[in-house]
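Notes follow once the structure below has been shown.
Remember, predicted model here, so these are calculated numbers, not experimental data. A, B, ... follow the sequence lines: proteins, then strands. Residue 1 opens every chain.
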Amino acid sequence: MLETAYLRNHPDEARKRLAKRNIDAEGLLAHAAELDGQRRTAQQALDNELAAMNDQARAVGELMKAGKREEAEAAKARSAALKETITGLKEALATAEKALDEHLWTIPNTPQERVPSGKTPEDNVTVMQQGNIPELPAGAKPHWDLGAEYGLFSLEDGVKLTGAGFPVYHGQGAKLQRALIAFFLDRAIAAGYAEVMPPLMVNADSAFATGQLPDKEGQMYHATADDLYLIPTAEVPITNLFRDTIVEAAQLPIKRVGHTPCFRREAGSYGKDVRGLNRVHQFDKVEIVRIEAPADSNAALDEMVDHVKGLLDALELPYRQLLLCGGDMGFTSAITYDMEVYAAAQGRWLEVSSISNFETYQSNRLKLRYRGTDKKPHLAHTLNGSALALARIVAALLENNQTPGGIRIPKALEPYTGFAMIVKK
RNA sequence: GGAGAGGUGGCAGAGCGGUUGAAUGCGGCGGUCUUGAAAACCGCUUUACCCGCAAGGGUAACGGGGGUUCGAAUCCCUCCCUCUCCGCCA
């Protein structure tokens, strides 16, 4: 959530940045300012009464010690008299705080200056494109056909076991999953990210701190018996590792990488978007997470983008980099680049990575601070990005590399798969 | 799942219901001393919010929430967590 101090001290900047979202920035911020004012008024009133009560309570003790019974009783009475007002003021403050918080939760992060305004994916800006769009042989097939033909994965098996959107990988398809995961992890580790293997379920506090709750409750699988959520991305557990912490500036940047399966309900998705591996309820992903001092976070973002480009280059996939417009960005992000790969048989670009700088939006909820040179705690910046998401990478790999003699594995992956071609059994 | 013990500051560990945000020790920071270091000695050492240009002042927090009381780290209720033992088990 946004910081009230920021909104108070830089109202014009906040309004200007938020306007890119294609929402009623003016109205949202005006209401926030109003609620913030009410909260502060309530707090002042309460604090004054509490101070008065503390004075009296202290006096009771001193008078008793001095043996002045009657005066002590009088002080007791004065203190007790304040009680009712205090109870009322406490409730007033709690109400004001709740109203402010709940309103702040509805305000998305403020996009950076360079983020284009816009409403829909149409308004996203293609920053760069790289790699050759492959010429496919006659009779080339989309990955879901290839998956069946080569026995690499089965959605039907998943339906039997679980339901739609839970692929079962077999044989070389399963090995390819492991190979990609290991490859991505190794590359991230080589780039200085420390590996984490977190739990796949988190509590509500964690889901709240990274912003999945309360906004996207319906997107997560919820194990109600224990009130735990299946993670939609490793971002949630990994970032929450740093909830309620103050790190020294010297410890920054903090760089973590983790592989986890990701679980998404994807309620409301339909059509060609969900064919094959394009959109599934469970997929594997390697996620990189960084915690940075504010001055360094944008450079870190560029570094993360370069890292992902390196992976896509190594996989020999044609890809492009998109700068998302204000209307298409995630709720909690200040700037997001999407990386898309071209799946030649479908003739579509598939999003395989989303790399974002959240600035202080997450850390404010996380209470993640760093101690600056002024020795005082400040909110840190958090960033994360997929590096990379598996299912769609597999889709593109299969489609683009199909040949009459089988499906070719990129050179960089061979040491991990142990085979250079996927062949029919 | 059953029985018992316990949750206090970065760590360890005190804390008759009344100047206790909290003794003491360790650690950390600054200083004295020293050619330098160590030792010794002295001082400092949580966070959030509010008022204030600042100096400074106020409020809150001893696992979470609620209650008793003029006053709660200290008493009561409840939830969570940790440890020990038993059971079950990858």
Side-chain angles (χ1 to χ4, degrees), chain A residues 1-10 32-104 197 199-209 213 223-229 237 240-252 254 261 360-380:
Chain A
M1 64 205 283
L2 295 172
E3 300 161 83
T4 50
Y6 169 73
L7 297 180
R8 220 179 297 148
N9 298 329
H10 308 279
E34 187 189 331
L35 292 173
D36 183 39
Q38 285 170 9
R39 184 194 112 250
R40 281 183 293 152
T41 306
Q43 170 146 16
Q44 280 166 46
L46 205 218
D47 285 357
N48 286 339
E49 295 306 307
L50 282 173
M53 188 189 75
N54 286 342
D55 281 344
Q56 294 304 323
R58 220 164 295 155
V60 173
E62 280 160 20
L63 291 167
M64 293 289 267
K65 214 173 281 177
K68 299 177 183 171
R69 282 210 97 85
E70 281 183 21
E71 288 176 51
E73 287 303 324
K76 256 193 209 184
R78 281 196 297 275
S79 178
L82 290 172
K83 210 170 181 184
E84 208 170 315
T85 14
I86 286 176
T87 306
L89 290 171
K90 272 186 184 165
E91 279 168 22
L93 177 61
T95 306
E97 276 178 342
K98 187 160 179 265
L100 176 62
D101 280 349
E102 286 178 353
H103 179 61
L104 287 176
M197 195 184 277
L200 306 182
M201 301 184 101
V202 294
N203 57 33
D205 283 346
S206 296
F208 180 82
L213 293 179
T224 52
D226 297 288
D227 195 22
L228 296 173
Y229 295 87
N240 269 282
L241 243 20
F242 301 94
R243 173 151 48 89
D244 292 318
T245 59
I246 302 176
V247 301
E248 296 302 322
Q251 294 174 257
L252 300 177
I254 291 171
T360 59
Y361 195 91
Q362 282 187 330
S363 59
N364 193 27
R365 284 201 199 179
L366 286 161
K367 295 196 172 34
L368 163 55
R369 288 97 87 208
Y370 73 99
R371 204 176 291 283
T373 43
D374 61 357
K375 301 287 178 207
K376 287 182 192 155
H378 303 279
L379 292 177

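For the P atoms, the distance linking C75(B) with G1(B) amounts to 28 Å, nearest Å. On the C1' atoms, C62(B) is 5 Å away from A73(B), given to the nearest whole Å. Taking atom P in both U32(B) and U19(B), one finds a spacing of 38 Å when rounded to whole Å. C77(B) and C85(B) are spaced 28 Å apart, taking the C1' atom of each and rounding to whole Å. The same atom, P, is picked in G15(B) and in G67(B); the two are 29 Å apart, to the nearest Å. Nucleotides U45(B) and G10(B), compared at atom C1', are 11 Å apart to the nearest Å. Remark: the separation of the C1' atoms in A90(B) and C79(B) is 30 Å, to the nearest Å. With C1' as the reference atom, C11(B) and C50(B) are 32 Å apart, rounded to whole Å.
The partner of A48(B), taking Watson-Crick or G-U wobble pairs whose two distances both stay under 3.5 Å, is U59(B). Across all strands shown, the partner of G18(B) is C70(B), judged by Watson-Crick or G-U wobble contacts whose two distances both fall under 3.5 Å. Of the nucleotides present, A5(B) is the one that pairs with U82(B) by Watson-Crick or G-U wobble criteria, both distances under 3.5 Å. Pair assignment for A38(B): none, as no Watson-Crick or G-U wobble contacts are both less than 3.5 Å. Across every strand in view, G87(B) sits unpaired, with no contact that passes the Watson-Crick or G-U test at under 3.5 angstrom.
Contact annotation for Gln43(A): base contact, defined as any heavy-atom pair under 4.0 Å involving a base atom. Arg8(A) comes within 4.0 angstrom of sugar-phosphate atoms only, judged by non-hydrogen atoms across all strands, and of no base. Heavy atoms of Asn48(A) sit nowhere under 4.0 angstrom from any nucleic acid atom. Within the 4.0 angstrom heavy-atom criterion, only backbone atoms of the sugar-phosphate kind lie near Ala80(A); the bases stay farther away. Using a 4.0 Å heavy-atom cutoff across all strands shown, Lys83(A) reaches at least one base atom of the nucleic acid. Among the heavy atoms of the strands, none lies under 4.0 Å from Arg58(A). Using a 4.0 Å heavy-atom distance criterion, Leu82(A) is classed as making no nucleic acid contact.
Residues Phe242(A) and Leu366(A) fail the side-chain proximity criterion, which asks for heavy atoms closer than 4.5 Å.
When each of Thr4(A) and Ile246(A) is assigned the nucleotide of RNA chain B bearing its nearest heavy atom, the one mapping closer to the 5' terminus is Ile246(A). Ranked by how close their nearest RNA chain B nucleotide is to the 5' end, Ala77(A) and Gly61(A) are led by Gly61(A).
With a heavy-atom cut-off of 4.0 Å to chain A, the contacted part of RNA chain B has its first and last nucleotide at G18(B) to G71(B).
Heavy atoms of other residues, nucleotides or ligands lying less than 6.0 angstrom from CD of Gln251(A) number more than 12.
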